[in-house]
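Residue indices begin at 1 and follow the sequence shown.
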Amino acid sequence: MSLTIPGQLPDTPEEECAVFGVFAPGKDVARITGFGLQALQHRGQESAGIAVGDGTSMVEAKDLGLVTQVFDEAKLSALEGFVAVGHCRYSTSGAAASWEAAQPHICPIDDVLVALAHNGTLVNTEALRAQLAGEGVVLRAGTDSEVAAKAIGYITHDTHHLRQGIRWLMEHMEGAYAMVLASPDALYAFRDPNGIRPLCIGEFPDGSGWVVSSETCGLDIVGARYVRDVEPGEIVRFSREGLVSEQGVPAGRRASCIFEYVYFARPDSVIDGQSVYQARRNMGRILAKEAPAQADLVLGVPDSGVPAALGFSEVSGITFTDGIVKNRYVGRTFIQPTQEMRQLGIRLKLNPLPSVIAGKRLVVIDDSIVRGNTSRQLVSMLREAGAAEVHLRIVSPEVLWPCFYGIDTDTREQLIAANMSLPEMTEWIGCDSLAFISLEGLRAALPDVHHPSYCEACFTGDYVVAVE
């Protein structure tokens, strides 16, 4: 048995990115985009950016930090126009946190600028990069998003048709992508043929414009009405002529990332027609049947574990309680903790309530276990707070394989379930019992008949798109 779990690596599947786009003549599209990105901040906290077109030109502002750190009143007021794209980033490939890697990426096409924002990861980036470099295209940022933007620009330069460039890119790139692109006078949205990463369309109730967002919570915050999702392989164009759709590439096997429902998406979002909150509550109900426990209280690890804990309590009859408080103001900020503070790890974000849990047998519901560090520290904290027993229940199956489609789960050597048996994990984490939902149980928690399959590669090793 070989297990490498460096203490400073994050112990949850890291968020990918968020994209947001607006076409709305007469509205303050920069401010709308800023609000949308704040609603999507949970998907990436390293950098944020907004690009705006006014019909003839494109201007952009982006920097490292949270949306509210990057944008103030002055910056938003300077971004004038009627079409915008926005992005908040967590690095899953290419360069780490840097201004050059922040999005949107601006690309010149002759004397016109376009801006592209991308959620996901391409698996054939190097081949595309080499092809573009061979044609004399200069690449600086080191990200697959820059490669995509430059490829569209290069092809459009020859064809003089932006959708031709997008279609060419979709025919040649492989992996997971949900992209929005703004020209000075139109907004484009397109999605990989498997629909791995989410992307939805909204419309303002007065018919004054359109919104595209990684999640429906981004539509809600700006008052847009959910219309539908961007279909796998589809290109959608929004302009003064309205919405125009075409199939960029044929749709493949439908395979939305199942981890969106387990962890990534906000509970108030709807992904491909499925309520995230209801899915998580269903997971808890099923887990209570698959892995019951004798206990006094059910606790959910904030935030994603709470709906599942409510479902577990509902079926098991064990009382649900808020026994863990989350510090919502600790995140990836520029205030770096000292080494001593880093050792506290999870204590920076979660704190148990001894008055609630002391002397109690606990069932603790969490979304996943990746490296095991967080679970180990959490169990230790609960015992220090006086818990008599800690029974850990996980609403995803064991994470056995890394993800190459926009989630940072590293290598198999760092995945605890790929290197330890269930008894070994239980002993190493220090809980009284440990159980994971079955893959069949997780599928049953997502009953949408319009969505027959998901990407489950992190559990099965069955990769929807072949990885070089």
Side-chain angles (χ1 to χ4, degrees), residues 17-40 47-63 67-68 70-89 99 102-119 145-146 148-149 152-153 156 161-163 165-166 178-190 199-214 218-219 221-224 230 235-244:
C17 295
V19 297
F20 193 85
V22 183
F23 181 88
K27 290 186 178 291
D28 188 345
V29 294
R31 197 172 306 277
I32 291 170
T33 304
F35 280 120
L37 292 181
Q38 287 186 59
L40 299 168
S47 63
I50 299 173
V52 175
D54 63 2
T56 58
S57 63
M58 182 78 61
V59 292
E60 179 190 46
K62 63 181 181 180
D63 209 338
V67 177
T68 53
V70 174
F71 293 100
D72 56 19
E73 184 66 28
K75 283 188 178 179
L76 290 174
S77 298
L79 297 172
E80 297 182 349
F82 56 83
V83 58
V85 293
H87 187 271
C88 49
R89 181 176 190 259
W99 187 91
Q103 298 184 39
H105 279 296
I106 296 288
C107 178
I109 303 175
D110 297 326
D111 58 349
V112 175
L113 295 177
V114 298
L116 179 140
H118 170 210
N119 169 213
S145 307
E146 182 198 31
I152 291 173
T156 303
H161 197 303
L162 195 52
R163 270 178 284 178
I166 294 173
M179 296 188 181
V180 292
L181 181 147
S183 69
D185 60 358
L187 175 69
Y188 299 81
F190 47 104
L199 193 60
C200 63
I201 300 170
E203 184 179 15
F204 290 112
D206 58 3
S208 61
W210 301 88
V211 180
V212 179
S213 176
S214 287
L219 308 180
I221 196 172
V222 299
V230 177
I235 303 172
V236 186
R237 182 178 188 264
F238 307 91
S239 67
R240 294 186 186 274
E241 287 73 46
L243 183 157
V244 176

Check whether any side-chain heavy atom of F71 lies under 4.5 Å from a side-chain heavy atom of T33, and answer yes or no. no
Quick one: does M179's side chain get under 4.5 Å of V19's, heavy atoms only? no
Sub-3.5 Å donor-acceptor pair from the side chain of K62 to the main-chain atoms of S47, do we have one? no
I want to check something: taking the side chain as every heavy atom from C-beta on, are C107 and E146 in contact at a cut-off of under 4.5 Å? no
Looking at side-chain heavy atoms only, is the closest gap between Y188 and I152 below 4.5 Å? no
With heavy-atom distances below 4.5 Å as the criterion, would you say the side chains of V22 and L187 are in contact? no
Among V83, V244, I201, which residue satisfies the side chain to side chain contact (heavy atoms under 4.5 Å, CB included) criterion with F238? I201
F82 six-ring centre to R240 NZ/CZ under 6.0 Å and within 45° of normal: yes
When every non-hydrogen atom of P25 is compared with those of S208, the smallest separation belongs to CD-O, 4.0 Å
Nearest heavy-atom neighbours spanning A84 and V52: CB-CG2, 3.8 Å
Would you say Q103's side chain and H118's backbone share a donor-acceptor pair under 3.5 angstrom? yes
Shortest non-hydrogen separation from I106 to A51 and the atoms involved: CD1-CB, 4.2 Å
Under 4.5 Å between any side-chain heavy atoms of F204 and V211, yes or no? yes
I want to check something: taking the side chain as every heavy atom from C-beta on, are P104 and L116 in contact at a cut-off of under 4.5 Å? no
How far apart are the closest heavy atoms of A18 and L40, and which atoms are they? CB-CB, 3.5 Å
Are any of the side-chain heavy atoms of I50 and L76 separated by less than 4.5 Å? yes
Evaluate side chain to side chain contact (heavy atoms under 4.5 Å, CB included) for V112 paired with T156, printing each intermediate quantity in order. CA-CA 11 Å; V112 175; T156 303; over 6 Å; no
Can you see which heavy atom on L181 is nearest to which on L162, and at what distance? CD2-CD2, 3.7 Å
When every non-hydrogen atom of P184 is compared with those of M58, the smallest separation belongs to N-CE, 3.8 Å
Within 6.0 Å of CZ in F35, more than 12 heavy atoms from elsewhere: no
